[in-house]
Amino acid sequence: MPELLKKSYRDELVTWIGRTCRFRLLYKISRDGCSAQTFHQKCDGQGPTVTILYNTNNTIFGGYFSESWNSNGSYIVDESAFLAFLFRLQYNGSSNPLKFPVNDSTCAGYGHNDYGPTFGGRYNRDIQAFTKTVTNLGNYSLNGSINSLGTTYNLNGQDKNSITNNNLQVTDLEVYKVEAYEVGLQRPWREHTDWKEEKMNEIKEKLVTYKPSARANVETSNILLLGEIGAGKSSFFNSLNSAFRGKLTCNACCGGFGHSATTMFRKYKIQDKSSGENLSFRLCDTRGFEEEFTQDPQELVCLLDGSIPDCYPFNPTIPFTADFPGYVKDPDLGDKIHCVAFVIDGSTVDLMQDKVYKQIKDIRIKLNHRGLPQIVVLTKLDKICSNVNDDVTNTFTSSAVRDAVNKVANITGLPRSHVLPVKNYENETKLKTEINILLFYALRKCLDFADDFIDEQIDNLPQEKKKNSS
Ligand SMILES: Nc1nc2c(ncn2[C@@H]2O[C@H](COP(=O)(O)OP(=O)(O)O)[C@@H](O)[C@H]2O)c(=O)[nH]1
Ligand SMILES: [Mg+2]
């Protein structure tokens with residue numbers, strides 16, 4: 001059963017909705033049956049939708065709003081930037097598009113389990129397509145009402161007849177989900193070489209043979225992962241570990257239940273698959289902070305100094321101090337943190353609480369004071385942009401990813417080039433070259449910065465100590 005909505009009408013609707021979007025058919029009475037129950041099963045909770053009626057006069061009309069349908073007898077309030085409207089696309093067989101804006105967005109629609117699509121009206125609905133079930137007798141004589149058209153929506157001089165022929169006998173009715181859709185940029189927003197397997201192997205090889213700055217007696221570069229709970233810190237380690245191990249692994253506990261699945265401080269090592277040797281860097285995983293739980297400043301100092309032992313169980317109410325068992329008393333340069341990676345969930349950048357921004361700002365002041373280099377690992381690209389969800393190689397032509405990178409750079413005060421977008425392994429069943437490439441790029445940046453820091457520390461050491469550490 002083909003979809004009836006023509007390309008030119010789709011384009012008109014997209015212009016009226018005011019954002020780039022595409023339509024996905026949810027419900028069609030000639031396919032699914034004309035029943036309120038089926039309509040709600042297929043359309044409730046789906047976000048923005050457009051409903052289209054095709055009547056027997058060859059007139060096409062309907063309505064749009066940006067909130068979900070529901071069945072619980074409540075009004076659908078549409079106060080988004082992309083406001084509700086009714087429309088006519090075709091009249092008596094001729095294209096004749098008109099848009100009718102909403103007057104009262106607190107009752108753009110009405111959801112009830114006995115009602116099909118219903119637009120407007122606290123008491124008088126502008127369009128009530130049908131109630132309960134309507135059978136097909138050649139066409140569908142919808143048992144709803146259009147008598148109050150123009151109550152909640154502004155008809156701009158038109159009337160019931162010039163929009164609908166006053167005819168609710170339809171050949172079909174369709175409901176489409178309106179999905180945000182990203183336009184790919186013509187030119188990438190960041191230069192990027194390629195996504196081929198050879199490229200991935202080339203970067204991987206450099207990371208496998210990586211050694212911290214030769215001037216220092218430091219076994220591993222230590223990268224501290226900081227950020228909000230649920231941002232993807234543990235997943236970032238797991239993803240890198242998988243990429244190096246050549247199979248999906250899940251060493252670090254991760255989860256998304258609002259509280260941290262990470263309860264211990266871990267200084268994770270990664271083993272090279274071919275040699276069995278540990279690689280020369282460590283990823284240090286923390287519990288993470290949240291709106292109500294701030295990173296204790298003293299505990300942060302201990303973390304940065306390398307005074308907190310591996311496997312220390314974080315206690316959110318009692319921060320770590322020098323009195324705790326396992327306290328590393330005289331940590332040397334090799335124990336310290338050499339680079340900090342803020343892990344930020346790209347899909348919630350707009351929703352991040354002020355308190356969390358402030359925490360990041362406060363932590364950055366302390367890190368700057370120590371001269372510690374910082375980057376941002378921006379996770380969950382797949383949730384920022386549907387094109388990237390389909391294919392990670394769209395990352396650098398996605399305007400949504402670009403905007404998220406710019407926003408995070410603004411908020412943190414870090415240069416844009418220090419914000420590295422990644423997609424962690426999460427729903428995949430096998431490794432993917434393009435996902436590995438992004439992960440490796442982020443890690444490489446951390447290690448370059450860690451080297452700079454180690455070099456700087458050596459340069460600043462007194463002569464005597466410098467000799468010992470070289
Ligand atoms: N879709 C998607 N989900 C992710 C990504 N990274 C992490 N997650 C999910 O986000 C949730 C929290 O991740 P986790 O690594 O435990 O966060 P942490 O608290 O910062 O360590 C988990 O359910 C992960 O599967 C990503 O890039 N994309
Ligand atoms: Mg974690």
Side-chain angles (χ1 to χ4, degrees), residues 180 182 223-243 248-268 270 282-295 299 303 308 310-316 340-349 351-353 356 359-360 363 375-396 398 400-401 404-405 408 419-443 446:
E182 274 299 312
I223 298 151
L224 180 67
L225 306 180
L226 283 181
E228 232 184 323
I229 287 171
K233 297 178 291 300
S234 302
S235 302
F236 180 57
F237 162 73
N238 283 335
S239 301
L240 274 168
N241 196 28
S242 302
L248 289 170
T249 60
C250 189
N251 286 21
C253 220
C254 55
F257 305 106
H259 291 286
S260 182
T262 306
T263 49
M264 261 186 204
F265 176 58
R266 286 307 325 264
K267 291 169 121 177
Y268 286 114
I270 292 178
R282 282 170 170 232
L283 291 172
C284 305
D285 193 12
T286 59
R287 179 181 184 279
F289 43 81
E290 56 197 328
E291 200 189 348
E292 298 310 327
F293 168 72
T294 44
Q295 176 70 56
E299 191 170 84
L303 273 171
I308 300 191
D310 194 9
C311 299
Y312 159 72
F314 284 111
N315 181 339
V340 170
F342 286 104
V343 179
I344 296 183
D345 177 345
S347 67
T348 57
V349 173
L351 307 172
M352 207 189 262
Q353 308 290 337
V356 174
Q359 282 208 56
I360 294 179
I363 293 173
I375 74 154
V376 170
V377 174
L378 190 71
T379 61
K380 309 196 189 180
L381 296 189
D382 50 310
K383 290 171 93 176
I384 302 180
C385 171
S386 54
N387 286 355
V388 177
N389 184 36
D390 294 343
D391 182 352
V392 169
T393 65
N394 291 323
T395 297
F396 297 104
S398 157
V401 175
V405 166
V408 165
V419 182
L420 283 299
V422 302
K423 151 91 184 82
N424 286 322
Y425 284 108
E426 165 261 341
N427 193 27
E428 289 72 12
T429 49
K430 60 181 177 49
L431 295 175
K432 290 196 172 157
T433 303
E434 57 277 16
I435 294 186
N436 286 358
I437 286 179
L438 288 183
L439 292 164
F440 289 154
Y441 269 132
L443 176 62
C446 291

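In this chain, residues are counted from 1 in sequence order. Numbering of ligands and ligand atoms starts at 1, following listing order.
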Exercise for the section: For Ser235, take its heavy atoms, then give the atoms of ligand 1 lying under 4.0 Å from any of them. Expected result: 6 (N), 7 (C), 13 (O), 14 (P), 15 (O), 24 (C)

Handout entry: Region of Glu426 engaging ligand 1 - heavy atom pairs below 4.0 Å
Key = side chain

Exercise for the section: State whether Glu428 and Lys423 are salt-bridged, where the test is any N-O pair (Lys NZ or Arg NE/NH1/NH2 against Asp/Glu carboxylate O) under 4.0 Å. Expected result: yes

Handout entry: Contact with ligand 1 for Gly288, non-hydrogen, under 4.0 angstrom
Key = no

Fill in the blank from the handout: So the atoms of ligand 1 within less than 4.0 Å of a heavy atom of Ile229 turn out to be 19 (O)

Handout entry: Any donor-acceptor N/O pair, Ser347 side chain to Ile384 backbone, under 3.5 Å
Key = no

Exercise for the section: Look at Thr286 and state whether any of its N, O or S atoms is less than 2.8 Å from the Mg ion (ligand 2). Expected result: no

Handout entry: Minimum-distance pair of heavy atoms, taken over all atoms of Val392 and Glu434
Key = CB-CG, 3.7 Å

Handout entry: Per-atom contacts of ligand 1 with Lys383, taking only distances under 4.0 Å to non-hydrogen atoms
Key = 1 (N)

Practice task
Using the side chain to side chain contact (heavy atoms under 4.5 Å, CB included) rule, take Leu431 and Ser242 through it: C-alpha gap first, then chi angles, then the decisive distance, then the call.
Solution key: CA-CA 8 Å; Leu431 295 175; Ser242 302; 3.9 Å; yes

Exercise for the section: Kindly write out the residues that satisfy salt bridge (charged side-chain N to carboxylate O under 4.0 Å, His left out) with Asp310, not counting sequence neighbours, or none if the list is empty. Expected result: Arg266

Practice task
Determine whether the side chain, the backbone, both or neither of Glu228 has a heavy atom under 4.0 Å from any heavy atom of ligand 1.
Solution key: backbone

Exercise for the section: Check if Ala231 has a non-hydrogen atom at a distance under 4.0 Å from any atom of ligand 1. Expected result: yes

Practice task
Mark up the atoms of ligand 1 that fall under 4.0 Å of a heavy atom belonging to Ser234, in ascending order.
Solution key: 15 (O), 21 (O)

Fill in the blank from the handout: Rounded to the nearest 0.5 Å, the CG atom of Asn394 sits from the SG atom of Cys385 at a distance of 7.0 Å

Exercise for the section: Would you name the heavy atoms of Leu240 and Phe440 that are closest together and state the gap between them? Expected result: CD2-CD2, 4.0 Å

Problem - Location of contacts on Asp382 toward ligand 1, heavy atoms closer than 4.0 Å - result: side chain

Handout entry: Min N/O separation Thr379 to ligand 1 under 3.5 Å
Key = no

Handout entry: Nitrogen or oxygen of Asp285 less than 3.5 angstrom from that of ligand 1
Key = no

Problem - Sub-3.5 Å N/O-N/O distance, Val422 and ligand 1 - result: no

Exercise for the section: Output yes when the distance from some N or O of ligand 1 to some N or O of Lys233 is under 3.5 Å, and no in every other case. Expected result: yes

Problem - From CA spacing to verdict: side chain to side chain contact (heavy atoms under 4.5 Å, CB included), Ile223, Tyr268 - result: CA-CA 10 Å; Ile223 298 151; Tyr268 286 114; over 6 Å; no

Practice task
Would you tell me whether Asn387 and Ser398 have side-chain atoms, one donor and one acceptor, within less than 3.5 Å of each other?
Solution key: no

Exercise for the section: For ligand 1, find out whether one of its N or O atoms is nearer than 3.5 Å to an N or O atom of Leu381. Expected result: no

Handout entry: Residue pair Asn424, Leu439: steps toward the side chain to side chain contact (heavy atoms under 4.5 Å, CB included) verdict
Key = CA-CA 8 Å; Asn424 286 322; Leu439 292 164; 3.8 Å; yes

